J.: 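Sharing a structure below in structure tokens format, with a few things to ask.
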Amino acid sequence: GENVEQHPSTLSVQEGDSAVIKCTYSDSASNYFPWYKQELGKRPQLIIDIRSNVGEKKDQRIAVTLNKTAKHFSLHITETQPEDSAVYFCAAGKAAGNKLTFGGGTRVLVKP
Amino acid sequence: KAGVTQTPRYLIKTRGQQVTLSCSPISGHRSVSWYQQTPGQGLQFLFEYFSETQRNKGNFPGRFSGRQFSNSRSEMNVSTLELGDSALYLCASSSGSAQETQYFGPGTRLLVL
């Protein structure tokens with residue numbers, strides 16, 4: 001089955017700096033890659049997603065890139081703010097159904 | 001639209017008991033997926049129901065089961081509880097089309113003693 005690895009597991013950045021989280025997946029049939037943000041005690045919330053027919057997608061301070069050949073995708077957060085502090089999860093899914101395989105998560109701490 | 005709701009929010013059970021958790025999806029959504037979240041294993045897919053049929057299944061033992069009703073509400077059941085079943089159980093709803101956004105509920109935190 002699909003296996004998603006996520007690095008780093010923790011990331012500490014200074015406010016205003018950029019944060020980058022990387023994920024690799026194993027199943028070349030995966031073609032949907034969402035990113036979720038989970039604040040302490042709250043539910044995961046989708047922040048951005050990318051499909052395999054697109055190499056890059058941007059939404060304000062957040063961008064995701066996908067390299068299907070290398071089977072990896074990354075989340076980029078620019079101009080980080082304290083409210084970006086949370087755990088971020090990458091995931092991979094296929095065309096059939098809604099089964100998502102999640103990475104292990106990255107705890108991001110933005111220091112003011 | 002109201003979001004995904006889950007009941008109960010917290011639950012304490014003892015080993016050997018069984019438990020039923022409920023998930024009400026966003027109105028109009030036909031797919032409900034269940035995930036187990038633990039500090040050690042992260043977020044793991046349990047199963048997905050679409051139009052009252054199990055469409056996908058993860059790698060959990062048969063003690064974990066689910067069902068979906070005609071109004072798309074879903075329940076999951078865990079029988080013969082083990083200590084390791086202590087976790088946050090999250091459900092997520094979506095329209096049912098592949099690659100559509102899954103919206104998570106607040107979760108049910110289960111503690112097995």
Side-chain angles (χ1 to χ4, degrees), chain A residues 1-10 21 23 25-27 29-54 57 59 62 64 66 68 73 86-107, chain B residues 2-7 9-10 23-26 29-51 53-60 66 68 72 74 87-109:
Chain A
E2 174 67 278
N3 182 49
V4 178
E5 294 196 358
Q6 183 172 347
H7 298 282
S9 57
T10 60
I21 304 170
C23 290
Y25 61 98
S26 61
D27 190 342
S30 290
N31 53 11
Y32 174 59
F33 307 94
W35 287 86
Y36 284 84
K37 174 184 179 182
Q38 187 176 29
E39 297 176 62
L40 190 62
K42 297 194 174 179
R43 71 190 76 187
Q45 292 202 303
L46 181 79
I47 55 172
I48 196 168
D49 59 11
I50 192 167
R51 291 165 176 81
S52 61
N53 58 344
V54 175
K57 185 176 178 180
D59 182 5
I62 293 173
V64 58
L66 171 64
K68 283 220 75 179
F73 55 113
V87 179
Y88 292 80
F89 292 95
C90 64
K94 300 178 194 177
N98 286 307
K99 174 181 178 179
L100 291 177
T101 301
F102 283 85
T106 297
R107 186 174 300 278
Chain B
V4 181
T5 58
Q6 291 185 244
T7 56
R9 294 293 311 280
Y10 304 93
C23 173
S24 292
I26 291 170
H29 282 187
R30 296 166 62 193
S31 168
V32 174
S33 298
W34 288 89
Y35 295 85
Q36 182 195 65
Q37 186 174 28
T38 60
Q41 299 298 318
L43 272 159
Q44 292 188 290
F45 175 81
L46 281 153
F47 31 64
E48 181 213 3
Y49 284 86
F50 176 75
S51 292
T53 301
Q54 188 180 84
R55 185 161 68 170
N56 280 291
K57 189 177 187 304
N59 298 321
F60 279 79
Q68 187 178 35
S72 294
S74 178
L88 179 67
Y89 290 90
L90 292 157
C91 74
S93 84
S94 73
S95 65
S97 301
Q99 304 181 10
E100 290 299 316
T101 300
Q102 292 189 41
Y103 297 89
F104 281 88
T108 294
R109 187 164 295 281

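Note on naming: letters A, B, ... go to the chains in the order of the sequence lines (proteins, then strands), and numbering restarts at 1 for each one. Computed from a predicted model, the values in this text were never measured in an experiment.
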J.: What part of Q44(B) gets within 4.5 angstrom of chain A, counting heavy atoms only: side chain, backbone, both, or neither?
T.: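 Nothing of Q44(B), per the 4.5 Å heavy-atom cut-off to chain A.
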
J.: Quick one: of G103(A), A91(A), G104(A), P44(A), who has the most non-hydrogen atom pairs under 4.5 Å with chain B?
T.: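 Sorted descending by pairs with chain B, the first entry is P44(A).
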
J.: If you count heavy-atom pairs within less than 4.5 Å of chain A, which of R109(B), Q41(B), E100(B) leads?
T.: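 The residue among R109(B), Q41(B), E100(B) with the greatest pair count is E100(B).
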
J.: Tell me, side chain or backbone of L46(A) under 4.5 Å from chain B's heavy atoms, or both, or neither?
T.: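 Side chain only.
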
J.: Over all heavy atoms of both residues, which pair between R43(A) and G105(B) is shortest? Give the atoms and the distance, please.
T.: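 Taking R43(A) first and G105(B) second, the nearest heavy atoms are CB-O, 3.2 Å.
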
J.: Taking side chain as everything from C-beta outward and backbone as N, CA, C, O, which of these in L43(B) sits under 4.5 Å from a heavy atom of chain A? Side chain, backbone, both or neither.
T.: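 Contact with chain A is through both the backbone and side chain of L43(B).
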
J.: Taking the side chain as every heavy atom from C-beta outward, state whether S33(B) and L100(A) have any pair of such atoms under 4.5 Å apart.
T.: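 No; the side chains remain at least 4.5 Å from each other.
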
J.: With rounding to the nearest 0.5 angstrom, report the CG to NZ distance, N56(B) to K94(A).
T.: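 Here the rounded value is 9.0 Å.
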
J.: Run F89(A) and Q37(B) through side-chain contact (heavy atoms from CB on, under 4.5 Å) and show every step you take.
T.: CA-CA 12 Å; F89(A) 292 95; Q37(B) 186 174 28; 3.6 Å; yes

J.: Counting only heavy atoms closer than 4.5 Å, note whether T101(B) contacts chain A via side chain, backbone, both or neither.
T.: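 Interface part for T101(B): both.
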
J.: Does Q54(B) CD have over 12 foreign heavy atoms under 6.0 Å away?
T.: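 For Q54(B), atom CD is crowded (more than 12 foreign heavy atoms under 6.0 Å).
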
J.: Evaluate whether atom NZ of K57(B) has more than 12 neighbouring non-hydrogen atoms of other residues, nucleotides or ligands under 6.0 angstrom away.
T.: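 Yes, NZ of K57(B) has more than 12 neighbouring heavy atoms, counting only those of other groups under 6.0 Å.
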
J.: Check whether Y35(B) gets within reach of chain A through its side chain, its backbone, both or neither, counting any heavy atom under 4.5 Å.
T.: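 Answer is side chain: those atoms of Y35(B) sit under 4.5 Å from chain A.
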
J.: Which bit of Q6(A) comes within less than 4.5 Å of chain B, counting heavy atoms only: side chain, backbone, both or neither?
T.: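 Nothing of Q6(A), per the 4.5 Å heavy-atom cut-off to chain B.
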
J.: Using non-hydrogen atoms only, which part of Y36(A) is less than 4.5 Å away from chain B: side chain, backbone, both, or neither?
T.: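 The answer is the side chain of Y36(A).
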
J.: Once rounded to the nearest 0.5 Å, what's the spacing between atom CZ of F47(B) and atom NZ of K99(A)?
T.: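 Going from the CZ atom of F47(B) to the NZ atom of K99(A) covers 13.0 Å.
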
